[in-house]
Amino acid sequence: DPSLERESKPRLSGLTMVIDKGLGLTAFKDLLDLAGDYIDFIKLGFGTASLTPFPVLKEKLNLAGLHGIHLYPGGTFFEVAWAQQQTDDFFHTLSDMGFSWVEISDGTIDLQDEERSRCIRKARDCSFRVITEIGKKMKGSVTPVSDLAHTFFKDRDDGAEYIIVEGRESGRNIGIFDSQGGVDTDYVLNIYERVESHRLIWECPQNPQQVAILKLLGSKANLGNIPAQEALSVESLRRGLRSDTFFTFGGYSI
Amino acid sequence: DPSLERESKPRLSGLTMVIDKGLGLTAFKDLLDLAGDYIDFIKLGFGTASLTPFPVLKEKLNLAGLHGIHLYPGGTFFEVAWAQQQTDDFFHTLSDMGFSWVEISDGTIDLQDEERSRCIRKARDCSFRVITEIGKKMKGSVTPVSDLAHTFFKDRDDGAEYIIVEGRESGRNIGIFDSQGGVDTDYVLNIYERVESHRLIWECPQNPQQVAILKLLGSKANLGNIPAQEALSVESLRRGLRSDTFFTFGGYSI
Amino acid sequence: DPSLERESKPRLSGLTMVIDKGLGLTAFKDLLDLAGDYIDFIKLGFGTASLTPFPVLKEKLNLAGLHGIHLYPGGTFFEVAWAQQQTDDFFHTLSDMGFSWVEISDGTIDLQDEERSRCIRKARDCSFRVITEIGKKMKGSVTPVSDLAHTFFKDRDDGAEYIIVEGRESGRNIGIFDSQGGVDTDYVLNIYERVESHRLIWECPQNPQQVAILKLLGSKANLGNIPAQEALSVESLRRGLRSDTFFTFGGYSI
């Protein structure tokens with residue numbers, strides 16, 4: 001590790017959240033045996049948690065626990081339950097399944113401030129640890145920095161531990177990304193300066209996005225929606241073990 | 001399942017065909033254990049059937065059978081046999097291997113109407129169930145709707161059960177897709193209205209294409225060339241469990 | 001095999017080098033059981049060799065050996081060691097681990113001619129077989145053909161057995177690729193004619209690039225940075241078993 005700065009788990013920043021879009025059980029175990037030390041969260045993407053056979057889901061939760069990784073269902077799953085007016089059932093079912101983290105979001109539905117608060121507090125009352133997400137999933141959608149900061153601090157007051165900045169699985173034409181997937185540097189820095197930055201998770205599925213965020217905010221930025229097969233590549237970036245960040249984090253005096 | 005409309009297998013529409021470009025045996029088993037209920041066909045892409053070690057192929061056939069999934073070799077494999085004037089051997093070999101479905105296509109070779117008929121009927125005589133494919137693989141190639149409909153009904157007369165509309169593995173600059181991978185809506189609707197639409201399988205490898213086709217034709221459209229790792233994502237789309245089709249198929253009165 | 005020309009391993013040309021960006025152990029074994037006959041080299045991408053748990057790495061080396069595949073750490077790993085002035089330790093550690101091939105490159109660091117020579121010869125002295133890489137990883141970087149040929153022959157004199165032409169994992173805006181990933185045909189042919197072409201490995205991660213190089217230089221061109229899941233597709237291309245090279249290598253007189 002040329003950077004000499006990478007903390008081991010459990011850590012409070014430099015977090016990596018991987019998106020599981022449908023890994024088989026063997027592939028899931030394989031990933032954890034290989035890269036478990038470099039992964040802090042795994043999100044079951046979209047509503048796939050409800051499509052995964054229960055024995056597979058149960059074993060994924062078990063394996064994640066053994067590796068000190070928090071496995072949780074993606075926010076869309078919550079939004080479906082909310083739209084069906086079944087949030088109570090939703091929390092109880094997740095709890096029974098063995099989940100201890102949940103994501104509250106309104107990327108597709110519309111939650112008023114008070115309703116969003118109520119949902120986060122409800123989750124906390126059910127003993128969940130909470131991640132929230134800020135941002136709409138609609139193409140071209142950008143949340144103004146002041147709105148984002150407002151929601152950030154409200155969510156924190158309500159008990160959220162991490163707040164995700166929406167980047168979708170595609171990383172294009174959404175929030176901090178333009179239609180080519182490029183990063184809006186000013187927007188990112190504005191957000192970074194307005195909130196508790198170590199509580200933010202930046203969704204950045206693509207390698208150039210990961211490079212851009214890490215160079216901008218440092219190797220301890222929290223990154224989300226990392227494809228499973230890129231987990232080791234992202235760790236290489238954090239440690240200056242890939243060309244893109246070789247001199248940024250390698251600590252060489254050249 | 002918010003859509004409350006998804007049929008279980010075996011089903012006659014809402015079919016998902018996954019392309020296997022070279023899954024290892026463990027990965028193949030992993031996929032079926034996770035998503036077997038959501039997959040109807042698996043195609044061994046290109047000529048990979050002939051490159052797969054026989055014990056691996058045999059076990060893939062066995063596993064597919066246990067999950068009620070039809071495994072079959074991609075059309076190019078047939079076209080190679082045809083170009084070598086060995087279609088008889090081809091059908092016998094596939095039969096010996098344990099395949100019960102076969103794809104007849106002329107994406108690369110040129111088959112006259114009568115020859116195409118002869119091949120389909122020959123396959124039927126060898127007890128195969130037949131999928132055909134319409135469309136050329138050459139860049140920019142588009143089959144006129146009237147030609148496509150003509151071939152469709154001829155293939156059906158000859159005994160084909162499903163007809164694939166060519167989209168290649170890339171989903172760009174071919175048939176229903178422009179050079180950016182966008183869907184030609186008018187062309188799709190024209191085809192849809194001219195034939196027995198539940199007999200069509202639309203090749204759409206990319207997420208935005210899947211979203212476009214499902215929104216246009218409904219959640220029961222048959223989709224093909226789905227990458228293995230996207231099988232659960234496509235099922236999420238069909239059920240309104242992903243943002244893109246949340247309100248389309250979720251059945252919410254909002 | 002319609003081409004009737006594909007040599008079995010060990011072979012001196014028509015080599016395929018796969019990039020392992022972080023395969024789990026089961027996935028690695030799966031790949032070798034499926035496609036081991038079609039893979040000659042596997043490169044542990046970037047600095048991932050140092051992030052892979054030792055028991056996993058040891059078993060990957062063992063499995064690769066059983067399949068007659070050369071597993072070696074990517075050049076960036078060497079460059080990190082060099083920048084830390086620990087090349088001696090580096091070679092000894094790799095040797096202890098059981099690696100027999102090593103890659104020497106200066107895609108990120110700058111090596112003068114003599115220093116590059118010294119490193120290659122040092123590796124040879126430590127009993128390594130050596131692959132070198134020519135080209136910078138910086139965006140838009142193109143090495144003039146005369147410089148490339150000069151380095152090629154110097155590396156060969158120093159004992160390198162294969163020389164890689166840089167294409168990165170992305171295959172865009174680097175060396176032989178333009179910003180869209182298209183191949184600079186003249187540049188490739190110029191290189192091809194100036195050196196011992198069977199000693200070159202062309203990094204071409206994307207399918208259209210593989211097609212372009214194979215059509216330009218023949219089915220025996222050595223290809224590198226092939227994603228693991230594309231190994232069987234590349235073999236299909238070499239044998240005329242995929243539409244793109246059906247008539248090029250199929251040997252049909254049509």
Side-chain angles (χ1 to χ4, degrees), chain A residues 1-4 6 8 16 18 20 23-39 63 67 180-182 206-212 214-215 219 226-254, chain C residues 19-31 44-57 59-60 73-86 90 105-110 133 135-139 141 166 168-174 179 205 227-229:
Chain A
D1 183 1
S3 77
L4 300 177
R6 187 68 174 134
S8 56
T16 295
V18 162
D20 174 353
L23 292 172
L25 190 53
T26 312
F28 189 87
K29 184 173 185 310
D30 228 22
L31 173 67
L32 269 50
D33 287 342
L34 180 76
D37 285 348
Y38 316 128
I39 299 173
L63 289 167
H67 282 85
Q180 298 306 305
Q206 301 173 16
N207 163 267
Q209 298 169 344
Q210 298 149 11
V211 172
L214 290 174
K215 284 192 162 175
S219 68
I226 304 301
Q229 70 273 20
E230 301 290 330
L232 232 53
S233 164
V234 165
E235 188 69 19
S236 297
L237 288 175
R238 289 191 190 279
R239 294 176 188 236
L241 285 169
R242 192 172 170 176
S243 177
D244 312 271
T245 59
F246 192 93
F247 293 114
T248 322
F249 303 135
Y252 310 112
S253 47
I254 297 181
Chain C
I19 182 169
D20 174 352
K21 290 166 48 179
L23 292 172
L25 190 52
T26 312
F28 190 87
K29 184 171 185 311
D30 229 22
L31 173 68
L44 297 167
F46 334 127
T48 58
S50 68
L51 298 176
T52 303
F54 188 62
V56 174
L57 190 59
E59 185 59 14
K60 283 191 177 184
T76 301
F77 197 23
F78 159 78
E79 298 186 41
V80 166
W82 185 87
Q84 295 183 325
Q85 303 182 302
Q86 300 184 339
F90 174 75
S105 62
D106 59 352
T108 308
I109 58 174
D110 278 315
E133 185 176 56
K136 292 295 172 188
K137 290 189 188 294
M138 211 170 60
K139 254 188 207 170
S141 173
E166 173 72 74
R168 298 214 63 179
E169 187 229 333
S170 62
R172 280 167 184 267
N173 208 10
I174 184 88
S179 63
Q229 70 272 22

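Numbers restart at 1 for each chain; the letters A, B, ... are given by sequence-line order, proteins then strands.
- When all heavy atoms of C:Leu51 and A:Tyr38 are compared, the pair lying nearest together is O-OH, 2.7 Å.
- The shortest distance between side-chain heavy atoms of A:Ser233 and C:Thr48 does not fall below 4.5 Å.
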> Could you go step by step and tell me if C:Thr26 and A:Asp33 meet the side chain to side chain contact (heavy atoms under 4.5 Å, CB included) rule?
Replying inline: CA-CA 10 Å; C:Thr26 312; A:Asp33 287 342; over 6 Å; no
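- Rounding to the nearest 0.5 Å gives a distance of 7.0 Å between NZ of C:Lys21 and CZ of A:Arg242.
- Under a cut-off of 6.0 angstrom, the local environment of NZ in A:Lys29 is sparse, with at most 12 non-hydrogen atoms contributed by other residues, nucleotides or ligands.
- Between C:Phe46 and A:Leu237 there is no side-chain heavy-atom pair separated by less than 4.5 Å.
- You'll find the side chain of A:Leu34 reaches within 4.5 Å of the side chain of C:Thr52, heavy atoms only.
- Contact between C:Val80 and A:Phe246 at its shortest, heavy atoms only, is CG2-CE1, 3.4 Å.
- There is no contact between C:Leu57 and chain A, counting heavy-atom distances below 4.5 Å.
- Scanning both residues, C:Ser50 and A:Leu241, for their nearest heavy atoms gives OG-CD1, 3.4 Å.
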